[in-house]
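For reference, the structure is listed below as structure tokens.
The structure presented is a predicted model; accordingly, all values stated were derived computationally and were not measured.
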Amino acid sequence: VEAIGIEYSYLLSTQLDKQRAFFEDQEKVLQQTIEEEKRVQNELREQISTLEKEKAKADERATKMGEMARKLEKELREEKVMTSGLKKNLDRMQEKVDAGETERKELKEKVNELSDQLRDLMFYLEARDKIEAATTAEGSGSKDGDLAEAAGGSVVVPPPKETASRRRRKK
């Protein structure tokens with residue numbers, strides 16, 4: 001019985017030594033795995049820290065870009081308002097120029113019309129003066145019968161031609 005006990009003890013101690021060696025190897029593998037995981041964890045923490053810094057910078061840039069976009073949008077609205085005002089002013093000025101051009105043409109037509117009337121009046125006055133001069137000369141012995149015949153008559157000046165400006169005024 002003692003031999004069986006010794007053998008059992010020997011077998012038990014051999015098994016325990018093998019288990020101890022196995023578990024020590026397992027412990028080394030687990031220690032290596034833990035160290036590897038700690039290293040990966042530290043790398044990930046560094047990456048997280050770096051990414052958080054980059055995110056903060058990106059957020060700051062986004063804020064600046066947003067402010068710049070709002071500023072540019074405001075400037076664009078101001079430019080549109082200014083352009084609209086300038087366009088209205090330009091349109092009003094163009095209307096004034098067109099009205100001035102129309103008025104100039106009307107005045108030119110009126111000047112031409114008055115010039116024609118003045119020429120006709122001058123012709124009438126010269127003719128009247130000649131007739132009066134001939135009449136006085138006839139009384140003093142002139143024999144010009146044609147002029148004497150015209151002395152009692154009257155000269156009629158035809159009404160001026162109707163121009164586009166007068167037609168517009170009549171309407």
### Passing option when L107 is tested against E103, E109, K105, R104 for side-chain contact (heavy atoms from CB on, under 4.5 Å)
E103

### Separation between NZ of K28 and OG1 of T33, rounded to the nearest 0.5 Å
14.0 Å

### Query
Has E7 got more than 12 heavy atoms of other residues, nucleotides or ligands less than 6.0 Å from its CD?
no

### Summary
By salt bridge (Lys or Arg N to Asp or Glu O under 4.0 Å), E132 pairs with (sequence neighbours left out) R128

### Short N-O contact, K110 and E106, less than 4.0 angstrom
no

### Query
Which residue pairs satisfy the salt bridge (Lys or Arg N to Asp or Glu O under 4.0 Å) criterion with at least one member in residues 40-53, sequence neighbours excluded?
R39-E43

## Note on the structure
Sorted by chain and number, sequence neighbours left out, side chain to side chain donor-acceptor pair (under 3.5 Å) with Q47 holds for none

### Task
Go through the structure and list residues passing side chain to side chain donor-acceptor pair (under 3.5 Å) with R70, not counting sequence neighbours.
none

### Query
About how many Å separate CG of L30 and CD of E24, when rounded to the nearest 0.5 Å?
13.0 Å

### Query
Which value, rounded to the nearest 0.5 Å, describes the distance between E75 atom CD and K80 atom NZ?
13.5 Å

### Audit row: T135, I131, side-chain contact (heavy atoms from CB on, under 4.5 Å) steps and yes/no
CA-CA 6 Å; T135 308; I131 291 172; 4.1 Å; yes

### Task
Please go through M68's hydrophobic cluster and name the other residues, only I, L, V, M, F, W, Y counting, with side-chain heavy atoms under 4.5 Å joining them.
L72

Under 3.5 Å donor-acceptor pairs involving side-chain atoms of residues 9-18, not counting sequence neighbours:
residue: S9; atom: OG; partner: G5; partner atom: O; Å: 3.4
residue: S13; atom: OG; partner: S9; partner atom: O; Å: 3.3
residue: S13; atom: OG; partner: Y10; partner atom: O; Å: 3.1
residue: T14; atom: OG1; partner: Y10; partner atom: O; Å: 2.5
residue: D17; atom: OD1; partner: R20; partner atom: NH2; Å: 3.3

### Validation row: E67, K71 side chains within 4.5 angstrom (heavy atoms)
no

## Note on the structure
Joining Ile, Leu, Val, Met, Phe, Trp and Tyr whenever any side-chain heavy atoms lie under 4.5 Å apart, the cluster holding M122 also takes in L118

### Task
Could you identify which residues cluster with L44, counting Ile, Leu, Val, Met, Phe, Trp and Tyr as linked when any side-chain heavy atoms lie under 4.5 Å apart, either directly or through a chain of such contacts?
V40

### Task
Working to the nearest 0.5 Å, report the span between CG of L121 and CG of L125.
4.5 Å

### Task
Only counting residues at least two apart or in another chain, list the ones meeting salt bridge (Lys or Arg N to Asp or Glu O under 4.0 Å) with E2.
none

Please list every donor-acceptor pair under 3.5 Å in which a side-chain atom of residues 57-66 meets a protein atom from a residue at least two apart or in another chain.
residue: D59; atom: OD2; partner: K55; partner atom: NZ; Å: 3.2
residue: T63; atom: OG1; partner: D59; partner atom: O; Å: 2.8

### Query
Apart from L114 itself, which Ile, Leu, Val, Met, Phe, Trp or Tyr residues share its cluster (side-chain heavy atoms under 4.5 Å, direct or through members)?
none

For residues 83-99, which side-chain N or O atoms pair as donor and acceptor with protein atoms under 3.5 Å away, sequence neighbours left out?
residue: T83; atom: OG1; partner: E79; partner atom: O; Å: 2.7
residue: K87; atom: NZ; partner: D91; partner atom: OD1; Å: 3.2
residue: N89; atom: OD1; partner: R92; partner atom: NH2; Å: 2.2
residue: Q94; atom: NE2; partner: D98; partner atom: OD1; Å: 3.0

